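Residue numbers begin at 1 in each chain, while the letters A, B, ... track the order of the sequences. Hydrogens, waters and symmetry mates are skipped; everything else that's a heavy atom, side chains included, is used. In this text, all values refer to a predicted model and were calculated from it rather than measured experimentally.
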Amino acid sequence: MNKYDVVVIGGGPAGIAAAVAAHKQKAKVFLIEREARLGGILKQCIHDGFGLIRFKEKLSGPEYVERYIDMLNQTSVEAVTLTFVSDIKQVEGGYTLTLVNRNGISKIFGKTIVLATGCRERTAKQVLIQGTRPAGVFTAGTAQYYVNILGKMPTKKCVILGSGDIGLIMARRLTLEGAKVEGVYEVKPTPSGLTRNIVQCLHDFDIPLHLSHTVTKVFGEDRLEAVEVAEVDEKMNIKEGTQRKIECDALILSVGLIPENEVAYSLDIPLDRCTKGPTVDQTFMTMREGIFSCGNALHVNDLVDYVSEGGEIAGENAAVYKNKERKLIDIKTDKNFLYIVPQKIDINAPIDKIKIYFRSIKDFDNTKFIVSVDGKVIMTKKYAHLRPPEMESVKLDLSKETLNESSVILLTLEE
Amino acid sequence: MNLVCIVCPNGCRLTVTIDGEDITVTGQKCPKGKTYAIAEMTEPKRSVTTTVRTVFEEAPVLPVRTNGEIPKDKIFDLMKLLDGFVLNKRIKRGEAILRNVFDSGVDVIATSGMLMKEET
Ligand SMILES: Cc1cc2nc3c(=O)[nH]c(=O)nc-3n(C[C@H](O)[C@H](O)[C@H](O)COP(=O)(O)OP(=O)(O)OC[C@H]3O[C@@H](n4cnc5c(N)ncnc54)[C@H](O)[C@@H]3O)c2cc1C
Ligand code: SF4
């Protein structure tokens, strides 16, 4: 059985960055991808805007990730594609993984594992719509795969439900390719995608955005023929009399992403209720010894630049992992946070360069981000705007504090 | 006049005031915001990302983009031009498939090198 220091599961930007970073620390690394090509979801994200932080350039998704694949190809990391992990077992000093691919079944040993399995889209099952279940109801990511990878148009005239970024990007993409996008319907009173995408994907092409609206019914037997939309009030109840029927051959859902954590479930790794990814410490190690998590499997990032950064944190720490006892303390927050990553700090690990990622629970203007330890303020940072769709990150140095297991680290947002 | 800068994900909210020849812009976190606002008021431009069809089985389409910005009202003309285009040559990432479209000085380049090697 081949033995590795670090086994990375998932060959998207997070997994590739983790593998390259682990290799830099002299680790022997193995990378497993289930699809035919490395690159993850970025293979189909052909629009630009990637890499502004990392490369100071406006790259398309494939360009961004292929640069990382080039870096990977210059290392001795062993990468396999079209390979599934069918089982993981904890053994003395690490884990054995059972792999399945065209060549059959094999086993490898990993001292550590990095979970970089990305995220998936919420589907029709997760939004309540009445009516039949005809073909023609699919996610924005599926539409993206059809158009950008297969070169096939999945619709002539469609309605988009949800104002997530992928839906906005696809509204523009489908319009450019000649489809009619009747409108984007968002149940909340504010859009969930970035403002720049509202401008360059909807306004530029005169695609209407209907806030506080939702799809209430679908019509059609085999293929979708129409949908019914309606306005909702503040309590999200449908306003009677506002229903309207729209003829279309597709309903495209862009209602959010959730971390993909089937492997984590199978290992009973505790997940965070808010991020829906594993709970981790500042080294991105989960609550299972030697198992790390990064990228969209850990929490849904809105910029791939942060995904690469997180991959590096996980990869580097996995490479230098020594099975020594952790002393974990919680990072506490006030109710103004939607979530934070990491959720815990291991005071036996380095605490001088802790990267904290967070989202606020609602829009804030002129806010102060405050970190206190046992009631003493140790850091503040001002933000002109904080918005839930825009993730923020800060660097925290706790090396000057005397911490023990009963220390209270508290993050607050003050208006 | 209020605009949202689309140059980077910060999406700064810009306020533009025009006084004869003078255009003043406020709200930008960096100088690119001003350049964007002035272009938006005079000649709006966009970069375009799309795909072109190929003759290769493993990649029915190849992602491409303009390597600069073209006038906004030329976007659909470019789409039409590319609609009739079929790539029959294996090209590298960054290689141009069309040069100087509409005399804009802008090329359309491939944004993936997936035609160059058979991945295993
Ligand atoms: C449809 C869609 C569109 C998006 N568009 C954008 C965008 O425009 N801009 C942006 O910044 N972000 C976008 N995102 C977010 C995007 O996912 C991240 O920016 C980035 O790609 C995340 O990288 P990752 O490596 O964590 O995940 P991914 O890119 O999803 O990569 C995960 C990889 O793991 C593999 N994998 C999963 N499970 C297993 C397993 N059990 N065994 C082996 N391999 C496995 C998958 O096949 C995949 O290759 C989008 C996400 C989705 C779903
Ligand atoms: S003004 Fe500068 S920082 Fe603000 S959105 Fe534009 S490019 Fe980004």
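- Contact of the Asp48(A) side chain with the Ser47(B) side chain is registered, since non-hydrogen atoms from C-beta on lie closer than 4.5 Å.
- Note on Pro60(B), Cys5(B), Ala59(B), Ala110(B): by heavy-atom pairs under 4.5 Å with chain A, the leading option is Pro60(B).
- Taking the side chain as every heavy atom from C-beta outward, His47(A) and Arg65(B) never approach each other to under 4.5 Å.
- Residues Thr49(B) and Leu176(A) come closest through the heavy atom pair O-CD1, 4.2 Å.
- The pair Asp70(A)-Arg93(B) meets the salt-bridge criterion, since a charged nitrogen lies less than 4.0 angstrom from a carboxylate oxygen.
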Exercise for review: Applying side chain to side chain contact (heavy atoms under 4.5 Å, CB included), run through Asn10(B) and Arg196(A) and close with a yes or a no.
Suggested key: CA-CA 8 Å; Asn10(B) 280 335; Arg196(A) 68 192 290 254; over 6 Å; no
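- Within a 6.0 Å radius of NZ in Lys58(A), other residues, nucleotides and ligands contribute more than 12 heavy atoms.
- Contact count versus chain B (heavy atoms, under 4.5 Å) is highest, among Lys152(A), Arg173(A), Lys43(A), for Arg173(A).
- Here the shortest heavy-atom pairing between Val199(A) and Tyr36(B) reads CG1-OH, 4.5 Å.
- Contact of Leu52(A) with chain B is made through the side chain alone, with heavy-atom distances under 4.5 Å.
- Contact annotation for Val147(A): only backbone heavy atoms (N, CA, C, O) come within less than 4.5 Å of a heavy atom of chain B.
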Point to revise | Derivation and outcome, side chain to side chain contact (heavy atoms under 4.5 Å, CB included), residues Thr51(B) and Ile46(A) | key: CA-CA 8 Å; Thr51(B) 53; Ile46(A) 63 147; 3.9 Å; yes
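- For the residue pair Glu66(A) / Ser112(B), a side-chain donor-acceptor distance below 3.5 Å is found, with atom types taken as modelled.
- For Leu303(A), the part lying under 4.5 angstrom from a heavy atom of chain B is the side chain only.
- Side chains of Pro63(B) and Ser60(A) form no contact here, defined as non-hydrogen atoms less than 4.5 Å apart.
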